[in-house]
Every structure is written in C-alpha cells, then in structure tokens.
Amino acid sequence: MTAAIEIGGLAKSFTLHNQGGVRLPVLAGFDLVVEPGECVALHGPSGIGKSTVLRCIYANYRADRGRILVRHRDGTVDMAATHPRRILAVRRETVGHVSQFLRAVPRVAAEDVVAETLRGRGADPEAATKAARRMLRRLNIPAALHRLAPATFSGGEQQRVNLARVFVADYPVLLLDEPTASLDRENRDVVFELIREAAGRGAAIVGIFHDAEVRDAVATRTVPLTAAREAA
Amino acid sequence: MAEDGYNFAYLDEQTKRMIRRAILKAVAIPGYQVPFGSREMPLPYGWGTGGIQVTASIIGRDDTLKVIDQGADDTVNAVSIRKFFARTAGVGTTERTEDATILQTRHRIPETPLGPGQILVYQVPIPEPLRWLEPREAETRKMHALEEYGVMHVRLYEDIARFGHIATSYDYPVRVNGRYLMRPSPIPKFDNPKMDRSPALQLFGAGREKRIYAIPPHTGVRSLDFDDHPFEVQKWEDVCALCGSGESFLDEIVTDDRGGRMFVCSDTDYCGRRREAGHTGPATRDPEGSGA
Amino acid sequence: MAVLQCNALQLRYTGMMPEAPPLLSARGVTKYYEGIPGCRNVSFEVWPGEVLGIVGESGSGKTTVLNCISARLEPTSGTVEYATRHDGPADIYRMSEPARRLLMRTDWGFVHQNPREGLRMGVSAGANIGERLMAVGARHYGNIRQAATDWLDKVEMDTGRMDDLPFTFSGGMQQRLQIARNLVTAPRIVFMDEPTGGLDVSVQARLLDLLRGLVSDLGLAAVIVTHDLAVARLLSHRLLVMRRGEVVESGLTDQVLDDPQHPYSQLLVSSVIHP
C-alpha cells in the first residue's frame, strides 16, 4: 500500500440504548484513499458524518464494519481491528488529531500541554519544551501565557494550543476537525502555512473545513459525503 | 529449709515441666518467643511474675540465688523475690554475682562478667519488639517467620531524625544469632554488649504476655544500627562518687533540695566490693563533699 | 523536527508494544462474599507502562477486583498472574508467601483512597518514605534520608518538612506522601483505589497532573479504580466499565467514553455533568 490511509466499506451507526434503542446509521460503505502529500477536505452538510470519519480513523469511534488501513512504521495497521496498545502507538507516532475542543489536565501550563506530544514520542523534556514554545509563538500565543493553564484562555487561544500540540510533531497523518473555526484572519494564515508545510513534507491530511475560503486555500481534493440512508 | 505447705519452689511439678519444655524450645531457637501457660503468682503482673516462674522451674536445692532490681540487691522487688524463694525453696541466696548460680534481674546485667554454668533470668514486661508498629499478633509472628525486620529500623531512623543520634537508651532491639529480632527487656543499652557471646545461659520470662525466650551460652547478639550511625553505649563524664569506677553504669542521685547530685554505680554489689578492695570516689575521698 | 531520543523512554515505548508479555493477567477472577458475588468472571491484562482504569458506581465490584489482583483478597475462583522480574509469569496466590510479600513491598505499590490507611501516622514523612528501603535492607541513614528528600521533591512537597508527622499535612499532601512512599522502591505496577477521592477539586487537579507525570516518566503500569470519569479519562489508557460485579465494556479510554456501546456505559457517560 502506497497510500497513507485506505478506508474501505466503512459503516458506523449509533444505538442509543437509553433512548428507546434508537439506531442512527451515519456511515454505510464509505471509501477513501489518501496519498502522502494530499489534503482531502470532507464536505457535506452538518450531521452527515464528517467528524465521524475522522474519529473512526483516530479510533475513538469503533467502526461497525469495514477496514481503516493506516501506514504505520514499515507496515499498515487496521485501526478498526487492531488492539488498543497498537492504536496508542499509531496515535503517538503516526496520526495527529486536532479535535474541535481542547481537552487537557486542568492547571497544566500551555507549553507543557504542547510539549507532552513530543515527550510521549521520546523527546528530551528540555528540547520538547523549547519546541513547544516555538510553536506557540508561531501561533501567536504570547510568551506571557505559555506558563499558564489553557483553561483560562479565550476560545481562539485554546484552539491554537490545540493546533500547537499536534503541529509541534511531524505526524505522517493529520486529522483536522474545523482547525480554523474560531481563528481570526492572521492566525488562519498561520494554520494555512502549517498545513501546506505538512503536506509539503509528505503528510496525508484529512480535514473538515466549514469555510469555503479555507477549503480552497488548503485542500487538494474535496470528497463529498452523502447520507447513509441514501447510500445504504 | 523451705516452709511446709508449699511444693518446692512454689509451682507444682506439672507446671514446672511445662515451663521447662518451653525453655528447652527457647534455647533450641535462640531469640524465638515460645508461648507458655503462665500461672497466677502471688505477686501482681509487672513485679516479675515471668522471671519468677522461669526461676522456679529451673532452681534446684543446690542452687544459690541472687536477685537484683535496677542493679541493686536491696530494693523492694529484689528483696521480696529473694525472700519468696528462700521461703518456698529454702535455697541459699547471695548478693555476690560470682557466687550465684541463678541470677534473676530486672533492668540490669551485673557489671561482674558472668561465667559458664551461671543462668541469668530476665523479667520481661513486653516481649514483642515489633508490637509498636504492628498490633496484630498473627502479623508479628508472620514477620518473625519471614524475617521482615526492616521496619524496626524506621524507629531508629526517627531517633536520628529527631535527636541527631539513636536516642533509644534501654530495651534496645537486638538480632540473636543472626536470626530473631529480640527485645532484651528494659536493660540500658549499656548492657547490650554483655549479652553477646556470654558464657552464661540467658532466659527471659514475660508473665503477663506468656512468653519465654532465651540466649544460649556463646550466642552472637547484635544491636541494630545504621552503617553511618553505629551502635554506641552510654558514656559518663563522671566516675562513681563512691568507688571511683569509670566503667560501670551510673545512676544519678539527687542528694538535697539545692540541686546537689552525684553519680553512683547502679550495681550495688560491684560498687560495694570495689570499696571493700580500697577503691574510692570523689565523695568518699572528700568527706566535706556532697552528702556522702 | 529533530527529536532527541532518550533511552529510558525508548524502553517504555517498546514496552508498550504488543510483543512484550503482559505484566499482570487476570483470568476469570470471581469473588463471592458469603455467597454474594463481589465480582464475576473478570478477565483482563495490564501491559508494562499501561494505565488501566476501572470505572463503575459504588458497589459495582471495582474495589473487589483491585484487591483480588493485588494479592489482598484471594478470589473464590480464577487466577491472577504476574510477570516476576526473574522467574517469569507466576500465579500470585500460588507463589510462596515470602515471595508474595516481597513483591507487594518492592515491585508493587498500593495507594489507598484514605492516606491514613497507607501511611504510618506515628512516624515522620521521611521515615514513611524510607520504610520500604529499610525493609529491603537499606542500612545507611544518610542515603535513606537523601532518597526521602529526592522523593519529597518529586511529589512537589517541601523537603523542609521531612521530619514532620503526617497528620500535620493537608489531605492532598498526605496523598502525595503516600505516593512517594510507594514509589521509592521503583515498583513496576501501582494499584490505586480512588486516589483523588477525598480531595478538594483544586487539589485533585494538581495531584492528577503529578500522577500522570510520574506514571509516564517512570514507565509505571497502574490500575486505577475510580468512579470519576474525568479522572479516568485523564489518567488511563484503557478502561473497564463494571456493573454488578461484571465487566460490561472495555476498550481504549476515549473509545469507551466517546462511543460507549453498552447501555450501562452510555448511561454512565450521559450522566456526567460537564461544567
């Protein structure tokens, strides 16, 4: 497999046991191949399952059926079938995920939240902190905030910490869920730059970009999603 | 002669046999606490009932008994126990350490070195060295069985942390024969080295706690310590005011209500015999001195 | 970006790989109390460096499981195997008692919810930390004291209070002391029963961060029982959800919390109040 990601026949539904057992089909037979250096934009109306695709790749959602192959080290891992410890290894080394909201231990400084990514990959703590500060500065988080916990930050600042913690490492695969949603123009341009740089070094990127302008700026290809009921 | 109406040495022969069996087991496993069926004695607990039962079980008509309390032959506890055996066993008694075949003691080991054939019987209030940290008997027994003694050093650690040195000065814990952790009864740690490889047999009796343990002759007894805080005995700047000894364990005695005090040997036999031999101390050399 | 590799971390890293054998395996662990089931047929594995969370309401059997796998409560049936340093996997209830007790005070740690249960309240903070070292034969006062100082520092306590008794410390500090006391012998696995349970929220957060740092820096494996899903999310790699003595769901922590499958897990997750 030369592709970085190869999804075949992915199906995902949710059964709400505490709400009368309602079953909500979201994906039914979704296919996607992403080559290194590509930036694929998932496109479709809200609730169609764009985030679900990202989460299935990241494996915090469990697929009902299908395979989700990710190039990891010298081989491939099926994120829909492998065991938890390998998923964690893939997340540590291969797949970076920018979620919509920052989730961090309360009271931990922003620079430590970001450096953690590198420390988890075996970096020297000092080098990790330096790199973290560099990335935070690049995302226009002033140095005065680096030692503060992000819980006190504004929405835009939190989102940039969230971006920094992923872009601080050279992940071969990036999953971006509305990475520029609450950013001003200046910071949005920084994110464009980061995405292009990542693609330039061969990262495979799958993203959800609500804003057409953003999509046009970074996406090399757009993949439309259709409702599972129709596709099924 | 023993008084009529008592069995020889007070205890009945069945009880003595039971206690002797416990003593034999204790001798066979140095430092191990052997449970025994402690009897009611005509003295309250804490007055040496354990020691008395051990002595009563081993004493014979030919034995000569010495009893000391805090080193002295003339204190209440020593006098009453000596009288008890004089009446119930009719044995000879002595205050001279080397003349005794059996010595029962509370809180001291005589200064005069013991010899082969002598038996030192200790009165023990609390036999279990691990009790301070572990209230459960089943657990302390297990700790002994598995030689889990490291925690004992926690106590010595606390001493050094608090006082800068190991401040425990009596009932100082020892390892017997490289195996069992043992409480030597509340003797000063000054006496600990006397237990090591002593040619005498040492027996320990705890009446209330119903335990007997022993150190057979010539058995190694090592006081616990740290590599960088080795075991040390007490030292005095003074010598005995009466006999001038600089090598014995000294008691501080307040002589008046104006702060007058002097140090004298706690071992009355040792001190008296040195004075008989012509030794003098500061108080005996200078009659104007403090209250001698 | 140049990433410096550190050997110890690299080791932990490979330790997380599936090729390394599990550190602890529970198989069919079942415990009945006088005929009443405490836990039933619980099976799982813990790998080196992995943090496993056990969540569920009180009475769900999570503490029973923790006690069973930490040699504190023999199960009615089932086995618990631990990968010993020298002799490989061994059934912890079949090894000799001295071996098991040695394991419990060297290779393992146990952090109680109430620090009073895990601390020796009558001796100083320093002695509490030094105890395990002395138990395995340390006999140099200066070295023991140095180790105690280092550990107070690691758990972010004032080293100047080393000679103070535990009751003079706050609950959060007592919990740190308990953690230091457990980690001083460099255990490979630590069992924790609601480690942040009795603490104020502000203290909880700092302790969580400390625990997370220690676990990852030392490459420790841990089994953490908690009823707090937020604690579970922040500390554990994998989760077991327990209900009425049985494991109803298990998986990666964020899988279980973001995409719960079992009705009970869904109820649990949907019942959490997000501030």
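Not measured: the values here are computed from a predicted model. Within every chain, numbering begins at 1; the chains are lettered A, B, ... in the order of the sequence lines, protein sequences first and strands thereafter.
More than 12 heavy atoms of other residues, nucleotides or ligands shown are found within 6.0 angstrom of NZ on C:Lys154.
No side-chain donor-acceptor contact under 3.5 Å links C:Gln266 to the backbone of A:Leu16.
Scanning residues 243-251 of chain C against chain A with a 4.5 Å non-hydrogen threshold yields C:Glu249, C:Ser250, C:Gly251, sorted by number.
Here OG of C:Ser265 is found 9.0 Å from NE2 of A:His17. Values are rounded to the nearest 0.5 Å. With rounding to the nearest 0.5 angstrom, the CZ atom of A:Arg62 is 5.0 Å from the CD atom of C:Gln261. Distance CG/A:Leu88 to CG/C:Leu252: 5.0 Å, rounded to 0.5 Å. Interatomic distance, CZ of A:Arg55 versus CG of C:Asp259, reported as 9.5 Å (0.5 Å rounding). Rounded to the nearest 0.5 Å, atoms CG (A:Asn60) and CG (C:Leu257) are 10.0 Å apart.
Between A:Tyr61 and C:Gln255 there is no side-chain heavy-atom pair separated by less than 4.5 Å.
With chain A as the partner, the residue from C:Pro263, C:Pro260, C:Ala205 showing the most heavy-atom pairs under 4.5 Å is C:Pro263. Counting heavy-atom pairs closer than 4.5 Å to chain A, the top residue among C:Arg206, C:Gln204, C:Arg233 is C:Arg233.
If you measure heavy-atom distances from C:Leu234 to chain A, the contacts under 4.5 Å come from the side chain alone. Looking at A:Ala104, the atoms closer than 4.5 Å to chain C (heavy atoms on both sides) all sit in the backbone: N, CA, C or O.
A salt bridge links A:Arg91 with C:Asp254; the closest basic N to acidic carboxylate O contact falls under 4.0 Å. Taking the charged nitrogens against the carboxylate oxygens, C:Arg212 and A:Glu116 do have a contact shorter than 4.0 Å, which makes a salt bridge.
A:His72 pairs by the ring-ring contact (aromatic ring centres under 6.0 Å, His included) definition with nothing, not counting sequence neighbours. Legend: residues meeting side chain to side chain contact (heavy atoms under 4.5 Å, CB included) with A:Ala132, ordered by chain and number and at least two apart, are A:Val114, A:Ala115.
Applying the ring-ring contact (aromatic ring centres under 6.0 Å, His included) test to pairs two or more places apart or on separate chains, those with a residue in residues 90-130 of chain A are A:Tyr58-A:His97.
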